[in-house]
Amino acid sequence: QDGDPIELGIPVFLSGAASGPFGLPQQNGATVLIEALNAGEVPAPYDQVGINGRQVEATYVDEAADPVQEYRNLVERDEVDAVVGYTSSGNCKAVAPLAEELQQLTVLVDCGTPQIFESVVTDPTYLFRTGPTGTIDSVGAVRYLMDTGVDMSRVAGINQNYAWGQDAWADFTGSLEALETGSDITTEQFPQVFAGQYGAEVSALLTSGANAIHTSFWGGDLEAFILQAAPRGLFQRSAVVMTTGEAAMQRLPDEIPEGAIIGARGPYSYFAPDTELANWFRETYEAEYGNPPSYPAWKMAQAILGLKAAWEKADSDDPAEIAAAFENLEFETPAGTVRMAIGNGHQAIQGIAYGTYALDDEGNPTVENVISYNAECVNPPADQTAAEWIEAGFPGADCE
Amino acid sequence: MSDPILVTENLEKRFGGVVAASEISLSLYPGETLAVIGSNGAGKTTFVNMVTGYLKPSSGTIRFRGRDITGSSPRKTAQAGIRRSFQISQIFPQLTVLENVMIAEIAAADGKGGLRRAALTDARMQTGRAVLDRFGLGQHSDTAVGTLPQGIKKQLDIAMAAINDPALILLDEPTSGVSSDEKIEMMERVIAPLKADDATLLFIEHDMDIVTRFAERTVAFYEGKILADGPTREVLSEDDVRKYVIGGVHA
Amino acid sequence: MLKFTAIMLDGMNYAAWLFLVAVGLTLIYGVMRILNIAHGAFYAIGAYVCASALGVFYAAGLPGALAFAVMGVVALIAGVIVGLVVERGVLRFLYGRDEVLMVLVTYALFLILEDAVKLIWGVESYFVYQPYAYFGFVEIGGLPYQVYDLMIVALAIVMGIALWFWLERSRMGRMTTAVVADREISAAMGINVTRIFATTFAIGTVFAVIGGVVTAPKIAVTPGIGVEVIILAFAVVVIGGLGSIPGAAIGAIFAGYARAMSVHLAPAYELFAIYAVMAVVLAIRPHGLFARASGRKI
Amino acid sequence: MLETRKLESSIAGTQILRGADLVLAPGRTVGLIGRNGAGKTTFMRSVMGLLRPDGGEILIDGTDMTREPAHTRAAMGVGYMPEDRRLIPEFTVEQNILLPLNALGEDIDRSRLDWIYELMPEIGRFADRRALALSGGQQKLVALGRALIVGRKLLLLDEPFEGVAPALAQRLIEVIGVLRGEGLSVLLSESDHVHSADLVDGLYVIERGEIEKKAAETA
Amino acid sequence: MMKTDFRREPLYIAILAVLLIVGFFLPSWLRFLLQTALAGGLVALGVALQMRAGLVNFGQGLYYALGGYAVGMLAAQAGITDIFILLIAAVLVSTVAGIVLGLLLSRYREIFYAMLSLAVSMILYGLLVKAAWLGSTDGFNIPPVSYLGWTPDRAVRPDIYYVTTAVLTVIACLATARYLTSGAGMLCEAVAENEIRLEYLGASPRKVAFIVIVVASALSGLGGGLLAMSTGHVDPLMTNWTTSGGFVFVALLAGRGSTIAPVIGFFLLELVRTYALDLAPNAWQMILGLVMLAVILLLPEGLWSLIERRRKA
Ligand SMILES: Nc1ncnc2c1ncn2[C@@H]1O[C@H](COP(=O)(O)OP(=O)(O)OP(=O)(O)O)[C@@H](O)[C@H]1O
Ligand SMILES: Nc1ncnc2c1ncn2[C@@H]1O[C@H](COP(=O)(O)OP(=O)(O)OP(=O)(O)O)[C@@H](O)[C@H]1O
Ligand SMILES: CC(C)C[C@H](N)C(=O)O
Ligand SMILES: [Mg+2]
Ligand SMILES: [Mg+2]
């Protein structure tokens with residue numbers, strides 16, 4: 001047992017519109033990290049070879065296929081030691097109860113819905129999420145708009161017509177109310193996910209006369225939206241905040257208008273702290289793939305490192321012991337310290353940062369006017385759900 | 001003479017500018033066998049289509065057994081006891097000959113049967129086979145109908161029309177496409193059992209030998225109107241009928 | 001008023017795009033009785049080919065206006081090649097098979113082509129946004145509108161009329177109608193059915209590819225872009241009446257305006273506006289708006 | 001004009017034609033007689049190339065056409081009238097008749113069309129009606145007209161008199177008689193030679209896919 | 001061609017029973033696959049039934065989703081977890097929908113039937129996606145069910161689900177086989193082949209079509225309910241056209257030889273899919289497509305024809 005490699009099952013989008021902007025960087029991020037871990041080349045505190053001394057092997061499966069069946073196959077057929085993955089909230093919700101039922105160590109990577117530990121699995125043992133919930137994106141966005149003095153008298157939103165977009169918009173408008181911005185909502189657009197054509201929606205936004213526009217679009221949809229909205233001058237007319245905008249920066253450096261407000265769903269990538277671990281990750285990734293990692297890659301690395309930290313803390317191969325060690329764990333990542341602070345100690349909290357898009361002197365994309373909000377400012381406390389917390393006006397938020 | 005079973009009064013059918021049939025007043029009496037002849041496009045099929053509800057007359061009325069059935073659907077007329085065969089045979093091509101007949105039996109019972117019990121009873125199978133034998137189709141019973149030659153399809157079409165003892169049966173060119181030497185035999189097969197049941201039979205026909213041989217009465221159509229109506233011999237010898245329908249040679 | 005302008009323009013714009021894709025589908029169905037799901041893959045191939053070709057083109061630093069010529073040429077070449085390969089390579093062995101089965105065949109082709117695209121172009125997105133911005137925008141009633149979008153409308157109108165003229169007026173078109181009605185007898189009357197089929201399929205494919213080519217500059221060219229397109233195109237074709245070119249135009253306009261109106265007036269229902277229109281049209285006219293005449297059966 | 005040698009055809013795996021031999025000399029009219037299912041239609045379809053023969057040869061006007069696709073027949077002046085009419089429903093009567101010429105890209109020969117209308121005034125009268133509404137017999141006439149317009153050398157008529165009113169059938173017989181005079185070769189099938197008795201120069205009988213010569217051609 | 005005689009059907013069902021026993025020797029992931037295939041197979045069977053009548057339903061997912069959501073909403077929101085009540089509700093809800101839609105849809109044929117049913121199912125999809133209280137696109141999870149008050153323990157739960165699913169599937173297949181021998185069932189094929197003839201024989205093609213639509217909706221509702229319990233999750237994708245397309249595909253591939261053919265077909269397809277996914281995560285659709293093409297080209301009568309052929313030989 002001891003000498004055997006640890007098998008990780010890694011579901012990421014290998015097909016469909018999410019595969020390019022999300023699946024690929026996630027797979028790449030996992031690959032470089034695992035390679036470095038096996039070679040013992042990761043800086044401290046992760047300089048122990050592999051995970052707890054054992055080599056790590058990864059099996060990538062397509063998240064776009066039937067998630068429940070694929071999850072079962074990983075667990076029951078391939079008998080992996082842990083599952084690390086999932087980008088879509090829908091898939092996370094579908095596999096979450098299964099993780100508990102099959103008693104399988106599972107780390108969710110990027111999905112955003114707060115429901116996972118609020119209602120889907122309220123008494124988790126084996127299920128963890130090392131990425132923060134989507135709540136931070138919306139709360140942070142409103143705070144950023146306020147703090148930078150954007151006129152928020154007329155606000156519009158464009159979000160994908162599914163849970164992610166709906167929740168993001170609900171949290172955003174909830175935060176507007178909680179912070180008493182007195183905004184009028186001029187239009188709320190919910191185009192179908194992966195629609196690709198937003199001519200009419202852009203017209204609606206243009207004609208709505210909004211000063212500020214919120215969008216949680218991600219992947220190809222966000223990119224298409226930028227391509228269609230920017231030439232028509234939407235970004236000149238309104239302040240547009242794109243909560244996942246960072247994932248598009250490398251890809252559309254010349255098309256994102258300067259001044260657009262960009263988020264990365266956490267302190268990743270351009271918003272990451274200047275630590276040895278962060279720089280190591282950025283450089284190693286870039287050396288391997290020719291471009292810096294976008295935030296999905298950071299999040300994948302964060303998940304694997306979290307698992308490693310818990311495993312080594314438990315110093316045992318027993319899933320129950322690893323899970324126990326993972327609970328309420330505090331661990332270092334390229335994006336700073338992560339605390340498994342809510343969801344009974346199974347859900348990470350992290351801060352959020354926003355900035356405005358700019359090209360530096362060499363013409364490389366970067367962000368300016370960055371404001372960071374710490375974890376306690378944008379996350380609900382452990383005893384409250386996100387919705388309750390926003391509704392109640394962020395009680396206990398610590399924004400210093 | 002008893003009351004007519006079918007009465008049409010001043011039936012007219014127009015398709016846009018085309019008058020396919022007009023002033024069609026006909027009475028059919030129970031048990032009689034009637035031939036309809038006429039040039040191509042004279043309105044023969046249109047007449048049958050109106051009686052069986054496929055076409056709604058532009059004006060005029062149709063009564064069957066004293067009841068007004070003008071404009072009622074093919075299904076209603078079928079249930080009332082009117083059956084027909086078609087100029088272009090209407091069959092279930094992918095099914096076998098026996099299956100075709102079984103469908104006909106089941107369909108005839110559809111109003112009563114529905115979902116409750118197995119439709120394919122041994123009794124029905126026997127009736128089905130009997131029907132096929134009667135129409136000389138027994139040897140084909142397990143052949144898919146679509147692969148049969150036209151003539152056989154035609155016979156099957158008629159066999160299906162004859163199922164469930166209709167009171168009035170209308171055959172549209174039953175013998176066209178059937179080999180000449182079989183035409184008479186086929187007509188005999190069709191007519192004998194119907195006569196035994198005292199059914200009324202109308203058939204459209206271009207072959208005057210068949211008309212002479214099987215019809216007591218003949219109606220000749222021309223350009224949508226009735227040109228002549230009477231005992232077969234008389235009708236066939238009328239000048240206009242000879243001129244427009246039969247042509248010089250036949251007597 | 002501004003809203004009205006926006007609805008008019010957006011509806012027209014969306015209709016034009018839908019028409020370009022749907023018209024090829026209706027043509028192929030009309031002539032060959034194949035409901036071609038692979039049409040969506042053709043659309044995607046169009047987008048990728050455009051992205052690649054323009055990528056090379058811009059890398060070579062050629063003058064921007066030429067890009068449009070490049071787009072036209074690659075659409076034609078790619079459409080004809082892909083169309084002929086699929087028709088000659090697969091479909092012709094299956095002519096005469098059940099209509100539903102043919103749907104599955106094209107579904108299988110769709111799956112194969114989708115992955116082929118991934119194997120060729122990878123899963124990374126491609127961007128060729130230059131043509132979209134090339135002409136800039138004009139203000140129409142206070143609403144900035146891309147000239148490129150207006151050009152797509154013009155393109156759809158021109159291509160639609162050309163196709164319709166070809167079908168209605170030309171000898172080839174007349175023969176196509178005959179083949180639609182009866183393959184076998186058409187052959188007996190001297191029509192080269194094989195050629196008609198190949199030509200039709202290639203033309204239909206070219207339309208799908210054009211749809212993809214003109215869309216590429218507006219989107220992130222990504223795996224999976226062909227999936228939604230195909231079902232929308234189906235809806236358009238069914239609303240209009242399968243196999244009818246004017247039907248596809250009307251269907252596209254219905255669908256385009258249904259969507260534009262819901263976006264501007266009731267954004268919550270955007271997702272199924274088109275299906276609702278389709279259901280209503282079919283409920284009222286079971287065979288779509290332009291149903292084809294069928295022969296006398298009895 | 002037409003010759004088949006040991007022609008074999010099958011449908012869906014069942015052999016229908018078993019070595020059918022038939023010779024039709026130029027300018028002759030020959031009857032192909034057989035009962036239902038004997039294979040008349042199958043024979044005609046094979047000659048037309050609508051059914052790919054399993055074996056044997058088909059020669060039209062001296063050319064081996066066995067493997068040639070169906071559409072090449074029309075260009076050689078072969079007209080075909082199928083037994084089940086097969087008109088194009090949305091075309092008018094005239095468009096249906098002209099279809100073969102259209103297909104060949106030939107100029108419309110107005111005089112030949114007029115000649116057809118003269119032969120069958122019935123169809124002249126409804127030349128611009130759509131074919132979908134015609135009665136069975138009317139369709140038959142149109143199908144015959146369509147065969148005539150292109151069949152300058154050879155006509156294949158599959159049961160041309162079925163469903164045609166006797167008066168008209170007689171006229172058609174006369175017409176075919178005239179064609180013979182004009183040098184056309186005609187092969188017509190019937191289930192019995194009632195109609196064609198005085199018309200044909202020779203007679204073939206087909207039974208279970210085998211063809212037997214019954215009456216010698218006089219030439 | 002129609003299999004006129006369905007009295008051989010019990011034989012096939014015996015085959016299925018054997019399959020069930022085998023189920024206990026399968027590794028659990030494979031058995032779970034089989035279990036979902038059983039549930040999905042019922043929907044495919046519903047599609048196949050309609051195909052007999054020439055009706056291709058590209059929106060069968062509608063009933064599947066209704067069955068699933070009925071179970072889900074009762075269990076997760078109303079707190080009713082008794083399996084019998086849940087499944088009865090699933091069948092009831094989908095059957096009522098089948099009756100209502102059947103009144104409209106039974107007038108439609110061919111591609112128009114396919115497209116109208118697709119449109120209706122996509123409207124439901126649109127509504128479910130909008131319904132935030134039903135979890136929108138994510139759908140929601142379903143708590144474990146109980147059996148007349150007894151909630152099995154985690155360890156035996158999968159076994160009991162499997163047995164329940166299998167038994168109910170067998171019963172449904174049997175009932176379907178029965179239906180096919182009834183008048184309404186026997187006439188389906190006649191509707192597909194020649195409605196004019198059928199009308200003239202005195203039967204109502206519309207009624208035949210209506211009944212088959214309703215029967216199929218009931219089967220699909222049951223399938224949806226069973227699947228919802230198996231996976232413990234429902235989401236709007238159940239009524240997306242892609243899901244329905246999959247059912248059509250299975251129905252066609254399976255062939256129409258037996259009422260269990262779709263169930264087996266579904267299982268095989270899932271197997272191919274799982275292995276393709278494993279073998280070539282980036283090209284699994286291509287493998288699936290190639291397998292589809294191969295089956296269509298080599299087995300025109302569907303997979304069941306393999307069994308038929310063997311029997312004849
Ligand atoms: N699709 C098919 N599959 C199998 N056998 C077929 C098929 N079509 C026709 N046949 C058979 O081929 C034989 C010849 O048919 P054909 O139509 O050539 O006869 P025919 O002489 O023209 O008859 P008819 O006088 O009825 O028109 C028939 O026995 C028929 O059963
Ligand atoms: N649906 C229709 N639309 C337009 N005209 C029609 C329609 N049905 C029939 N007609 C016309 O009505 C006339 C009568 O047709 P009908 O079919 O009754 O003739 P028929 O006497 O049966 O001829 P045949 O002996 O050739 O079968 C024909 O001129 C035909 O073209
Ligand atoms: C930004 C996205 C990766 C979020 C993801 N789609 C979700 O549903 O949570
Ligand atoms: Mg008639
Ligand atoms: Mg024949």
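Being a predicted model, the structure only gives us computed values, none of them experimental. No hydrogens, no waters, no symmetry mates; every other heavy atom, side chains included, goes into these values. Here is how names work: the chains are called A, B, and so on, in the same order as the sequence lines, proteins then strands, and each is numbered from 1.
Using a 4.5 Å cut-off between heavy atoms, B:Lys153 does not touch chain D at all. Contact of D:Arg171 with chain B is not made at all, since no heavy-atom distance falls under 4.5 Å. Using a 4.5 Å cut-off between heavy atoms, B:Thr147 makes no contact with chain D at all. For B:Lys243, the part sitting under 4.5 Å from any heavy atom of chain D is the backbone (N, CA, C, O) and nothing else. Contacts between B:Glu205 and chain D at a heavy-atom distance below 4.5 Å are absent for every atom of the residue. Both the backbone and the side chain of B:Val178 come within less than 4.5 Å of a heavy atom in chain D.
In this structure, OG in B:Ser176 is found 10.0 Å from CD in D:Glu83, a value given to the nearest 0.5 Å. To the nearest 0.5 angstrom, B:Lys183 atom NZ is 6.0 Å from D:Ser191 atom OG.
Across D:Gln170 and B:Ile246, no two heavy atoms sit closer than the pair NE2-O, 3.5 Å. Nearest heavy-atom pair across D:Ala165 and B:Gly38 is CB-O, 3.6 Å. The two residues B:Gly41 and D:Ser135 have their closest heavy-atom pair at N-OG, 3.2 Å. Closest heavy-atom contact between D:Glu162 and B:Thr175: OE1-O, 4.3 Å.
B:Glu188 CD: more than 12 foreign heavy atoms inside a 6.0 Å radius. The neighbour count for D:Glu207 CD, taken as heavy atoms of other residues, nucleotides or ligands under 6.0 Å away, does not exceed 12. Heavy-atom contacts from other residues, nucleotides or ligands closer than 6.0 Å to CG of B:Asp181 number more than 12.
Looking at heavy atoms from C-beta onward, D:Lys140 lies out of side-chain contact with B:Asn40 at the 4.5 angstrom threshold. In this structure the side chain of B:Gln150 never reaches within 4.5 angstrom of the side chain of D:Thr41, judged on heavy atoms.
Contacts with chain B were tallied for D:Gly163, D:Gly34, D:Ala38; D:Gly163 has the most, counting heavy-atom pairs under 4.5 Å.
For D:Arg125 and B:Glu223, the salt-bridge test passes: some basic side-chain N is under 4.0 Å from an acidic carboxylate O.
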